[in-house]
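One structure below.
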Amino acid sequence: MYIPVPYHIAGGCIYACLLIICILAIFYGFRARRNVKKEKITSLPRGFSPLDIQRIFIGKTYPGKLTRALIVHWARLGYIRVKYAGRYKVKLVRLKFPPVHDNEKAVFFDRGTYVRERDIFCELFARKGAAITVSLNKPLITSARAKSIDYDYAAREDEGVYSTKHYKLKVLTFVLSFMPVFICSLYFCFTNSFMMIIPPFAILIGMFVLRFIKGIPFFFRLVWSSVWIGAGLAMIIVSFHNMFDPLLLGYASIVILFLGSFVLVRFIDHREKNNLSDYSDLVNFRKFLLFSGKDKLSSVDYYEVLPYLYAFNIKPLVKRKFATDVLPDWFESEDGKRGSLL
């Protein structure tokens, strides 16, 4: 049932939620960019790991997403030798373990990241021996195992990167993304049936499980959550489709739910100021790789920056700028095939 005054109040609140989310995303999304130093960075410090890039950019490391980057990184440091085993497979031969962090031979950028990376390396080879064959399209270590290793440390991995304000802003954004669905249900309860109080709670349960219950396998979590979310959204769509809805509140609430909680929330970044300097260096180094021509990159060792190309996810965009004819010393291939690693 369409009742003008409460309908337009609900519409104003729903679109106000979208406006606030957009303002937060624009303001905090550009906050770090505004503080980025405008200088040319052509290399990263010795010992800089692909995991350091993740930690500085997103405040947390996901080693399972950096299979190729870590393989090249470890090979360059002399920890492993890589043998071609197929287009998407390589054999890793352990040459030595990384030194402990307090050893004078240990070279690293961030001690916390280095210690975790070393434990992952030791876990990988201690479990399966000195030589293993891995798929380049699969994680070197499962996220569950990486988390269990991380539990051994007292300090949080993202400590010093994000403040408590960062997480409060993330929660606020999620609440604002969910509020339009709740407002739609309240309006329909006020004008029609109290049964419409069910959809927001069904959607909330589905969203909570999908976003935060990481212990459940992703595919099962996605299917299970889709049932709850889909049922709640279907009730809202049907209800508003059968009434006069000039502001498209039903569809707008759904768009805001997904746009805010999955897309715009990623731009709300409030990192500590002591991390902005490192962030600046990474942004400028990435720009150097992306926008420099072949003449400027001709003196850069392709295999030296390859782990970072993977970590930045820009290898397909810049590989053609480098000289890649000669295979690196740490890569063995009897017939000269390179595979997809290089």
Whether the [X] and [Y] side chains hold a donor-acceptor pair (N or O, under 3.5 Å, no angle test) is what I'd like checked.
X: T61; Y: Q54; value: no
X: R68; Y: N137; value: yes
X: Y310; Y: K315; value: yes

Between Y279 and F57, does the ring centroid distance fall short of 6.0 Å?
yes
With ring centroids as reference points, do F267 and Y28 lie under 6.0 angstrom apart?
no
Residue [X] excluded, over 12 heavy atoms near [atom1] under 6.0 Å:
X: D301; atom1: CG; result: yes
X: F312; atom1: CZ; result: yes
X: K65; atom1: NZ; result: no

Is K170 positioned over the aromatic face of Y167, cation under 6.0 angstrom from the ring centre and no more than 45 degrees off axis?
no
ILVMFWY cluster, L259 and F27 together (side-chain gap under 4.5 Å)
yes
Using the ring of each side chain (for Trp, its six-membered ring), is [X] parallel, tilted or perpendicular to [Y], with breaks at 30° and 60°?
X: F48; Y: F109; result: tilted
X: Y303; Y: W330; result: perpendicular
X: F125; Y: F121; result: tilted
X: F174; Y: F178; result: parallel

Chi angles and distances behind the side-chain contact (heavy atoms from CB on, under 4.5 Å) call for V318, L297:
CA-CA 10 Å; V318 302; L297 295 177; 5.5 Å; no
